[in-house]
Amino acid sequence: MNEIHVRLPDGKTLALPKGASVLAVAEKIGPGLAKAALAGKVNGKLTDLRVALDADVEVSIVTARDPEGAEVLRHSAEHVMADAVKRLFPQVQIDVGRTDHSEKFQYDFLIERPFGPEDLVAIEAEMEKIVKAKQPFVREIVTREAAKKLFSERGEMLKVSRIDDIPTDAEISIFRQGDFIDLCRGPHVQRTDQIGAFRLIDVSGSYWRGDERNPMLQRIYGTAFADKKELVAYLERIEEAKKRDHRRLGPALDLFHLDPISPGSPFFHAKGMIVYNQLVAYMRELYVRYGYDEVMAPLIFNTDLFKTSGHYENFKDDMFLFPSHETEMGLKPMNCPGHAMMFGMRKRSYRELPLRLAEFSRLHRNERAGALQGLTRVRSFAQDDAHIFCRPDQVESELTQFFQMLREVYTTLCLDNVSVAVSTRGERFIGAPERWDIAEKRLVEACRAAGYEPAIKKGEAAFYAPKVEVDVTDVLGRVWTLGTVQLDMAMPERFGLKYITDEGSEGTPEMLHRAILGSLERFFAIYLEHTEGDFPLWLAPVQIVVLPITDRHHAYAQKVEQTLRAAGLRAQVDLRNEKLGYKIREAELHKTPIMAVVGDQEEANGTIAPRRRHDSSESSATSLEALVAELQREVADRRSLNRSRGGTQDLSS
RNA sequence: GCCGACGUAGCUCAGCUGGUAGAGCAGCUCAUUCGUAAUGAGCAGGUCAUCGGUUCAAAUCCGAUCGUCGGCUCCA
């Protein structure tokens, strides 16, 4: 048997000698394809072109046109960058590179002096030379000993250490390109010139092996595409994200601001508070329907409480603690211990369960300075937080109900790109491992029952509970974790929580921690960027602005404003001495959903001329009553703009 | 907390190798009374993040601190 059969995507089969490379398949199909080939896919798995085939397989050839192609050429760009760095700075030791799915690649270097922006320019120029030289990538299989010898001779001690990470039964491959050699699984492009366009983006420090006790390496980030056009499009997308940055939009739209006088603690302005409070009001409305009881526990506790919960031990350094009358007090960083106390303050009957305690209190966490980021990582925040105490046999239906409520909220907010993950027990945990296994399984099952196949994040759980994380993808394709539900393994026992069962015995309740929007501050930021400030009518700080054409119409305009306000609409009137076009422009820039133009005709007929945000088509005059009724309906329905499909402005009710 | 970059008027930014701070927008005043994304003119606005050092002289050079940004680590 010296022949193998290779099946192609179009169903055809090619016969090749055993041991033929993936590239040989491409050559057999055609010289054009062979030249354009970046990698192969063997039985669906991305494979280097130089890999030998020794059995019957399905093969497809990956070119720049395939999404995987970009990943391959970015990986090769990573090597070219490391090569360029070694050429310019022979004293550096290379660690490893990485190509993630966010269109970026990176490579870590050990060097005494940090890289600066000027270095990036020089490295980029050196990379350009390597790319122009059309150097081939050569793959070699080596033994573990040969690999170690090779890299220690080259002074690459970090690499030698990385070789030890490779499982003993795995094949060790290296790639050469020019004088550069790297330990690498591949796949790689054939020649450096197949990397069409690249750009180095940034440099930062990163700990070796991700451990902050280790020395810091210099990490360079870059991106690469098959051609210049795609690179430009990528850079434009970055610009777009900058335009939507909540740290820019927030102050510009008069929603909030941050000040060094209290790092990580936002000042919410009147307009921001409307959005914030509307979100809270919406959750409260759902709490009535879903059977939650809103409560309010203290903000400050004797730290004994956090010792009981275990948070003190785990998060002491990140809490605001202070002495008071000989005792140590602390600002609460989460609601669960307070709710556990509220549950335990008297004897509970099984008839009271499930007991769902919700709270919107402010929480304070003394986040490390470097961790702060706009509203997405703050020191002072509130959550749409709740803890559910229930009997063991009620856990399943509670999880079902949670997913149901979550889906309702996300649908209302038009966040329809949802995925979930289950985080499992990590190194730090409390409770019995066997119980963790059961809880993790239940969470996975609950996700499936809700129609989501969860990804598994190993070791990512909170110290007291495995958790489900619910992620949404925003208009720019960024993924954010919003909702979470955790099945607690420890708190009820630590607090000695009991209830009397229907048989008169004592039982320990199960405790679920859950949030749907998560940190309201963070959600605010994410939603602001997602919508670019174009809030749906029910959330818009100013829903309608009345625009009189001249000061002749001021009295009528003010009457209209009063009528709108009396109808419960957040209306304003623009009485400034400006032309209509100017006022419309201002209202557009402030993202006001509805403008009501009033002039001679409207005043004479008792009407208004409405205009929707982003809609310059002239609309006919409407009676005030009709407009009020329409807007009230839109608010009551909490209608949103659906922007997940191309950002269209159609109302999806 | 660690690595790097940055910090000039409310905002966006000029200000070359040291010689005493400038524009546009926003704000205020006046004129204009105007029909769907910017009417015109004028006025005012800054301890150049803070503190210290070098110098005859510092927004500019050096150091420290604070803050912000991009990462790392962390994220109850």
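The chains referred to below are lettered A, B, ... by the order of the sequence lines, with proteins before strands, and numbering in each begins at 1. Please read these numbers as outputs of a predicted model, since none were measured by experiment.
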#### Entry: Touch class at under 4.0 angstrom, heavy-atom based, for A:G310 against every strand present
nothing
### Message
What is the distance, to the nearest angstrom, from the CD atom on A:E578 to the C1' atom on B:rA26?
### Response
12 Å
### Message
Taking any heavy-atom pair under 4.0 Å as a contact, classify A:E586: base, sugar-phosphate, or nothing.
### Response
nothing
### Query
How does each nucleotide of nucleotides 71-76 of chain B score, in 5' to 3' order, for protein heavy atoms under 4.0 Å: base (B), sugar-phosphate only (S), or none (-)?
BBBBBB
### Message
For a quick test of reading the model: is some side-chain N or O of A:R576 closer than 4.0 Å to OP1 or OP2 of B:rC34?
### Response
no
### Task
Let me know the distance between CG of A:D534 and P of B:rA37, rounded to the nearest Å.
17 Å
### Query
With sequence neighbours left out, what residues match A:T622 under side chain to side chain donor-acceptor pair (under 3.5 Å)?
none
### Message
Taking side chain to side chain donor-acceptor pair (under 3.5 Å) as the definition, give me every residue that meets it alongside A:D317, ordered by chain and number, with sequence neighbours left out.
### Response
none
### Query
Does the side chain of A:H311 reach to within under 4.5 Å of the side chain of A:F463, using non-hydrogen atoms?
yes
### Summary
Rounded to the nearest 0.5 angstrom, the CD-NZ distance for A:E586 and A:K583 is 10.5 Å
### Distance (rounded to the nearest 0.5 Å) between A:F495 CZ and A:L305 CG
4.5 Å
### Query
When rounded to the nearest Å, what value does the distance between P atoms of B:rA9 and B:rC51 take?
16 Å
### Pairwise C1' distance, B:rG1 and B:rC74 [rounded to whole Å]
10 Å
### Task
Provide the full list of ring-ring contact (aromatic ring centres under 6.0 Å, His included) pairs with a residue in residues 586-613 of chain A, sequence neighbours left out, each pair given once.
none
### Rounded C1' spacing from B:rC11 to B:rA31 in Å
27 Å
### Query
Counting heavy atoms not belonging to A:K307, are there more than 12 under 6.0 Å from its NZ?
yes
### Message
Is the positively charged end of A:R428 above the ring of A:Y464, judged by distance under 6.0 angstrom from the centroid and angle within 45° of the axis?
### Response
no
### Query
Checking salt bridge (Lys or Arg N to Asp or Glu O under 4.0 Å) for the pair A:E239/A:K242: CA distance, chi angles, key distance, verdict?
CA-CA 5 Å; A:E239 283 307 305; A:K242 247 191 223 163; 3.5 Å; yes
### Sugar-phosphate only, base, or nothing, as touched by A:E602 at under 4.0 Å among non-hydrogen atoms
base
### Task
Examine B:rA37: is either OP1 or OP2 under 4.0 Å from a nitrogen or oxygen in the side chain of A:R611? Give yes or no.
yes
### Message
Please give the distance between the P atoms of B:rU54 and B:rC62 as a whole number of Å.
### Response
15 Å
Throw together a table of side-chain donor-acceptor distances under 3.5 angstrom for residues 328-341 of chain A, partners on residues two or more places apart or in other chains.
{"unit_1": "A:E328", "atom_1": "OE1", "unit_2": "A:T303", "atom_2": "OG1", "d": "3.3"}
{"unit_1": "A:E328", "atom_1": "OE1", "unit_2": "A:Y312", "atom_2": "OH", "d": "2.7"}
{"unit_1": "A:E328", "atom_1": "OE2", "unit_2": "A:Y312", "atom_2": "OH", "d": "3.4"}
{"unit_1": "A:K332", "atom_1": "NZ", "unit_2": "A:A297", "atom_2": "O", "d": "3.4"}
{"unit_1": "A:K332", "atom_1": "NZ", "unit_2": "A:P298", "atom_2": "O", "d": "3.0"}
{"unit_1": "A:K332", "atom_1": "NZ", "unit_2": "A:N335", "atom_2": "OD1", "d": "3.2"}
{"unit_1": "A:K332", "atom_1": "NZ", "unit_2": "A:E359", "atom_2": "OE2", "d": "2.6"}
{"unit_1": "A:N335", "atom_1": "ND2", "unit_2": "A:D385", "atom_2": "OD2", "d": "2.9"}
{"unit_1": "A:H339", "atom_1": "ND1", "unit_2": "A:H387", "atom_2": "ND1", "d": "2.8"}
{"unit_1": "A:H339", "atom_1": "NE2", "unit_2": "A:E359", "atom_2": "OE1", "d": "2.7"}

### Query
Is the number of heavy atoms from other residues, nucleotides or ligands under 6.0 Å of A:M273 CE greater than 12?
yes
### Task
Keeping to residues at least two apart or across chains, list the salt bridge (charged side-chain N to carboxylate O under 4.0 Å, His left out) pairs with something in residues 246-271 of chain A.
A:D245-A:R247
### Task
Answer yes or no: are there more than 12 heavy-atom neighbours, outside A:Q91 itself, under 6.0 Å from its atom CD?
yes
### Message
Once side chain to side chain donor-acceptor pair (under 3.5 Å) is applied, do any residues pair with A:R522, and if so which ones, sequence neighbours excluded?
### Response
none
### Query
When you compare B:rG22 with B:rA37, how far apart are their P atoms, in angstrom units rounded to a whole number?
38 Å
### Query
Whole Å only: how far is the CD1 atom of A:I111 from the P atom of B:rG4?
12 Å
### Task
Quick one: label A:G581 by what it contacts on the DNA or RNA (base, sugar-phosphate, nothing), any heavy atom closer than 4.0 Å.
sugar-phosphate
#### Entry: d(CZ, A:R612; C1', B:rA37) in whole Å
18 Å
### Task
Taking atom P in both B:rA58 and B:rG52, compute the distance separating them and give it to the nearest angstrom.
13 Å
### Query
Separation of A:E112 atom CD from B:rC3 atom P, in whole Å?
15 Å
### Query
When the nearest nucleotide of RNA chain B is assigned to A:P114 and to A:P263 on a heavy-atom basis, which residue is associated with the more 5' position?
A:P114
### Message
Whole angstroms only, please: what is the CD1-C1' distance between A:I238 and B:rG70?
### Response
11 Å
### Message
If you count heavy atoms of other groups shown closer than 6.0 angstrom to CZ of A:R113, is the number above 12?
### Response
yes
### Query
Which part of the nucleic acid does A:A609 contact within heavy-atom distance under 4.0 Å: base, sugar-phosphate only, or nothing?
base
### Query
Taking the P atom of each, how far is B:rG7 from B:rA59, in whole Å?
15 Å
### Task
List in numerical order all residues of residues 545-555 of chain A for which some heavy atom is under 4.0 Å away from an atom belonging to RNA chain B.
A:I549, A:T550, A:D551, A:R552
### salt bridge (charged side-chain N to carboxylate O under 4.0 Å, His left out) contacts in which one or both residues fall within residues 596-606 of chain A, not counting sequence neighbours
A:R552-A:D600
### Inter-nucleotide P distance (B:rA23, B:rC34), Å rounded
34 Å
### Query
Expressed in angstrom and rounded to an integer, what is the separation of A:H257 atom NE2 from B:rG67 atom P?
16 Å
Identify all pairs in which a protein N or O lies below 3.5 Å from an N or O of nucleotides 41-43 of chain B, and state each distance.
none

### Message
Can you confirm whether more than 12 heavy atoms, excluding those of A:E240, are under 6.0 Å from its CD atom?
### Response
yes
When you compare the protein's N or O atoms with those of nucleotides 8-13 of chain B, which come within less than 3.5 Å of each other, and at what distance?
none

### Query
When we call it a touch if two heavy atoms are under 4.0 Å apart, what does A:D259 touch: a base, just sugar-phosphate, or nothing?
nothing
### Summary
So OG of A:S309 and CD1 of A:I430: to nearest 0.5 Å the spacing works out to 8.0 Å
### Query
How long is the line joining NZ of A:K579 and P of B:rA37, in whole Å?
12 Å
### Query
Under a 3.5 Å cutoff on both atom distances, Watson-Crick or G-U, what's the dot-bracket for RNA chain B ([ ] crossing, | other strand)?
(((((((..((((.....[..)))).(((((.......))))).....(((((..]....))))))))))))....
